[in-house]
Each structure stands twice: as C-alpha cells, then as structure tokens.
Amino acid sequence: MAARLAGRDPAGIRLIAVSKTFPAEAILALREAGQREFGESYLQETVPKQAALVSADLVWHFIGPLQSNKTRVVAEAFQWVHSVDRAKIAERLAMQRPDHLPPLDVCLQVNVSGEASKSGVAPSELPALAGLVASLPRLRLRGLMAIPEPTPDAALQRARFRHLRELRDALVPAVGPLDTLSMGMSDDLESAILEGATMVRVGRALFGQRSPAP
Ligand SMILES: *Cc1c(COP(=O)(O)O)cnc(C)c1O
C-alpha cells in the first residue's frame with residue numbers, strides 16, 4: 001500500500017524476512033509461502049539454522065553488528081551483508097570471501113541519527129569508506145542501510161530515510177550506481193518506502209513478537 005501511495009512498483013521493493021530468534025521451522029513455513037530472503041543478526045544461532053535449511057534455496061542477509069572475529073562466517077555463508085561500517089571489517093570480508101562464490105553484496109550502515117545511535121559510519125566518513133569498499137575485490141558495493149532511532153513521528157522517520165537516500169545519491173558520481181537502500185522495519189516501513197527503500201527488513205510484523213535476544 002505504501003508503494004502505491006508513493007507511486008512505486010511493489011516489485012522494486014524486496015522484503016527481507018528478519019528471522020533472528022525464530023527457529024528453522026518458522027523460516028520454512030514462510031519459504032513455503034514464497035519468501036526466499038531472510039535476515040539474521042546473531043551468528044551463533046544462524047549457523048545451525050542454515051545447516052538445517054541447506055536444501056531450501058534461501059538468500060541469507062547478515063544485518064547485525066559485525067565484530068572482526070566473526071567476519072569469516074559472514075563471508076562464507078551469506079550472500080548479503082548490510083552492516084559494514086568500518087574499513088577493517090570490509091577488508092576482512094574481501095580477504096575471506098571464497099573465490100568460488102560470487103562477490104559478497106555489501107551495504108554500508110550509516111548513522112543517520114547522530115548522538116541517538118552508536119552503530120553505523122558517520123555521514124562525514126561515508127565517502128571514504130564507500131570508495132574503499134568499491135575498490136576491494138570479492139565485494140560488490142550495492143548501497144546503504146540505516147536503523148534510525150525508533151520514533152512514532154512519521155515526519156522524523158521520513159527525514160532520516162530521506163537523508164540516507166540523499167547520501168546514496170551523493171556517492172554515485174564517485175563510486176558508480178548504487179541500487180540498494182535497505183531501510184524500514186516493522187514500525188517504520190511505510191515511511192521508508194515513501195522515501196525510496198528498495199529493501200525492507202521486517203521481523204515482528206511477519207513472525208510475531210520476539211523473546212529477548214540470546
Ligand atoms: C531485528 C531487526 C530488524 C527487524 O525488526 P522488526 O522491528 O522486528 O521488524 C530489522 N533490521 C535489523 C538490523 C534488525 O536487527
């Protein structure tokens with residue numbers, strides 16, 4: 001509905017089902033309903049789920065905070081990573097991505113909420129990071145991701161997402177086309193779609209409430 005409001009073709013918006021904390025059976029149930037792309041944040045629970053679901057032909061997106069001692073699993077077992085926010089992580093992913101796999105699709109996570117959020121690269125440091133990632137082998141820079149601070153204020157939601165889109169647009173002359181804006185979750189996905197999201201990452205609205213993180 002938000003797509004139609006924004007005059008956008010729903011086919012241009014990919015739904016990433018965020019399955020963190022939910023078991024393999026819940027993923028399989030959505031797979032049978034036609035959903036192929038899933039997002040995960042905690043590697044220790046994802047690895048066994050991936051093993052249980054090898055035959056399900058899924059596309060895995062890593063969307064959680066990424067420490068440098070965890071990059072190898074992401075480089076080997078995911079098609080996408082949305083949360084690259086510093087050079088060291090990008091360099092390790094490029095080094096560890098196996099040659100027999102296609103390049104790892106990468107979004108840079110940007111802090112569009114200033115003081116209110118700690119994760120993500122600062123907008124002022126984004127051009128340098130984007131330039132580096134675009135130059136690394138075995139990575140394909142696809143776009144930007146953000147998790148703005150939660151707010152019921154739709155105008156503020158839209159301002160944050162608009163900022164991310166403008167940052168993406170400003171990078172294109174230097175790094176080439178960036179086709180992905182990963183923005184919008186259960187509580188703000190309409191605002192994100194109105195501002196040009198190409199991927200929305202939705203957990204609770206699909207799977208129900210989560211119990212606390214492991
Ligand atoms: C958990 C999570 C989501 C999904 O959040 P919901 O509010 O359940 O839709 C999306 N993106 C990231 C990065 C997450 O960690």
Side-chain angles (χ1 to χ4, degrees), residues 1-3 10 13-24 26-27 29-31 33 35-47 49-50 58-67 70-71 73-74 77-86 89-90 93 104-113 116-122 126 142-154 156-158 160-161 163-165 167-168 180-214:
M1 203 195 76
I13 304 163
R14 284 159 72 173
L15 172 65
I16 313 305
V18 177
S19 45
K20 64 186 182 202
T21 79
F22 291 98
I27 295 175
L30 269 194
R31 175 69 184 108
Q35 175 66 28
R36 258 189 89 209
E37 305 200 67
F38 291 86
E40 289 279 345
S41 299
Y42 312 113
L43 289 170
Q44 71 274 30
E45 63 145 342
T46 309
V47 170
K49 283 195 271 185
Q50 289 179 328
L58 304 179
V59 178
W60 292 101
H61 296 251
F62 187 78
I63 61 174
L66 193 44
Q67 285 101 38
K70 300 283 177 56
T71 50
V73 184
V74 173
F78 287 78
Q79 286 94 323
W80 281 78
V81 53
H82 295 227
S83 45
V84 172
D85 65 357
R86 55 196 194 276
I89 296 291
L93 290 169
L104 182 64
D105 286 310
V106 173
C107 290
L108 303 179
Q109 183 176 349
V110 184
N111 178 356
V112 291
S113 298
S117 163
K118 288 169 287 318
S119 51
V121 61
L126 176 62
R142 297 293 297 268
L144 304 181
M145 181 272 237
I147 312 173
E149 78 275 35
T151 169
D153 176 351
L156 181 57
Q157 293 173 359
R158 288 192 58 168
R160 300 301 193 208
F161 293 135
H163 186 197
L164 192 71
R165 172 162 50 83
L167 290 169
R168 189 272 312 264
T180 303
L181 282 174
S182 169
M183 57 191 199
M185 324 203 316
S186 295
D187 292 335
D188 57 14
L189 69 101
E190 294 202 359
S191 294
I193 289 170
L194 290 167
E195 294 298 342
T198 66
M199 286 186 175
V200 290
R201 308 176 311 271
V202 179
R204 289 166 301 134
L206 286 170
F207 289 100
Q209 274 318 316
R210 279 183 295 277
S211 24

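The figures here come from the full heavy-atom set of this structure, side chains too, leaving out hydrogens, waters and symmetry mates. Start at 1 and go down the list; that is how both ligands and their atoms are numbered.
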Q. How about Leu167 and Leu126: do any of their side-chain heavy atoms sit closer than 4.5 Å?
A. yes
(Q) Let's go through Glu40 and Ser19 carefully: what are the C-alpha distance in whole Å and the side-chain angles of both, what is the deciding distance for side-chain hydrogen bond (donor to acceptor under 3.5 Å, both in side chains) to 0.1 Å, and is it a yes or a no? (A) CA-CA 6 Å; Glu40 289 279 345; Ser19 45; 2.7 Å; yes
Q.
Can you classify the ring geometry of Phe78 versus Trp60 as parallel (below 30°), tilted (30 to 60°) or perpendicular (above 60°)?
A. perpendicular
Q.
Given His82, which partner from the list Ile63, Val106, Leu108 fulfils the side chain to side chain contact (heavy atoms under 4.5 Å, CB included) test?
A. Ile63
Q) Given Thr198 and Arg14, is the side-chain hydrogen bond (donor to acceptor under 3.5 Å, both in side chains) satisfied, shown in steps? A) CA-CA 6 Å; Thr198 66; Arg14 284 159 72 173; over 6 Å; no
Q: Kindly give the heavy-atom pair with the smallest separation between Gln109 and Ser83, and that separation in Å.
A: OE1-CB, 3.4 Å
Contact table, ligand 1 N/O with protein N/O, distance under 3.5 Å:
{"from": "ligand 1", "atom 1": "7 (O)", "to": "Arg204", "atom 2": "NE", "distance (Å)": "3.0"}
{"from": "ligand 1", "atom 1": "7 (O)", "to": "Arg204", "atom 2": "NH2", "distance (Å)": "2.6"}
{"from": "ligand 1", "atom 1": "8 (O)", "to": "Arg204", "atom 2": "N", "distance (Å)": "2.8"}
{"from": "ligand 1", "atom 1": "8 (O)", "to": "Arg204", "atom 2": "NE", "distance (Å)": "3.2"}
{"from": "ligand 1", "atom 1": "8 (O)", "to": "Arg210", "atom 2": "NH1", "distance (Å)": "2.7"}
{"from": "ligand 1", "atom 1": "8 (O)", "to": "Arg210", "atom 2": "NH2", "distance (Å)": "3.2"}
{"from": "ligand 1", "atom 1": "9 (O)", "to": "Ser186", "atom 2": "N", "distance (Å)": "2.9"}
{"from": "ligand 1", "atom 1": "9 (O)", "to": "Ser186", "atom 2": "OG", "distance (Å)": "2.5"}
{"from": "ligand 1", "atom 1": "9 (O)", "to": "Gly203", "atom 2": "N", "distance (Å)": "2.8"}
{"from": "ligand 1", "atom 1": "11 (N)", "to": "Arg201", "atom 2": "NE", "distance (Å)": "2.9"}
{"from": "ligand 1", "atom 1": "15 (O)", "to": "Lys20", "atom 2": "NZ", "distance (Å)": "2.6"}

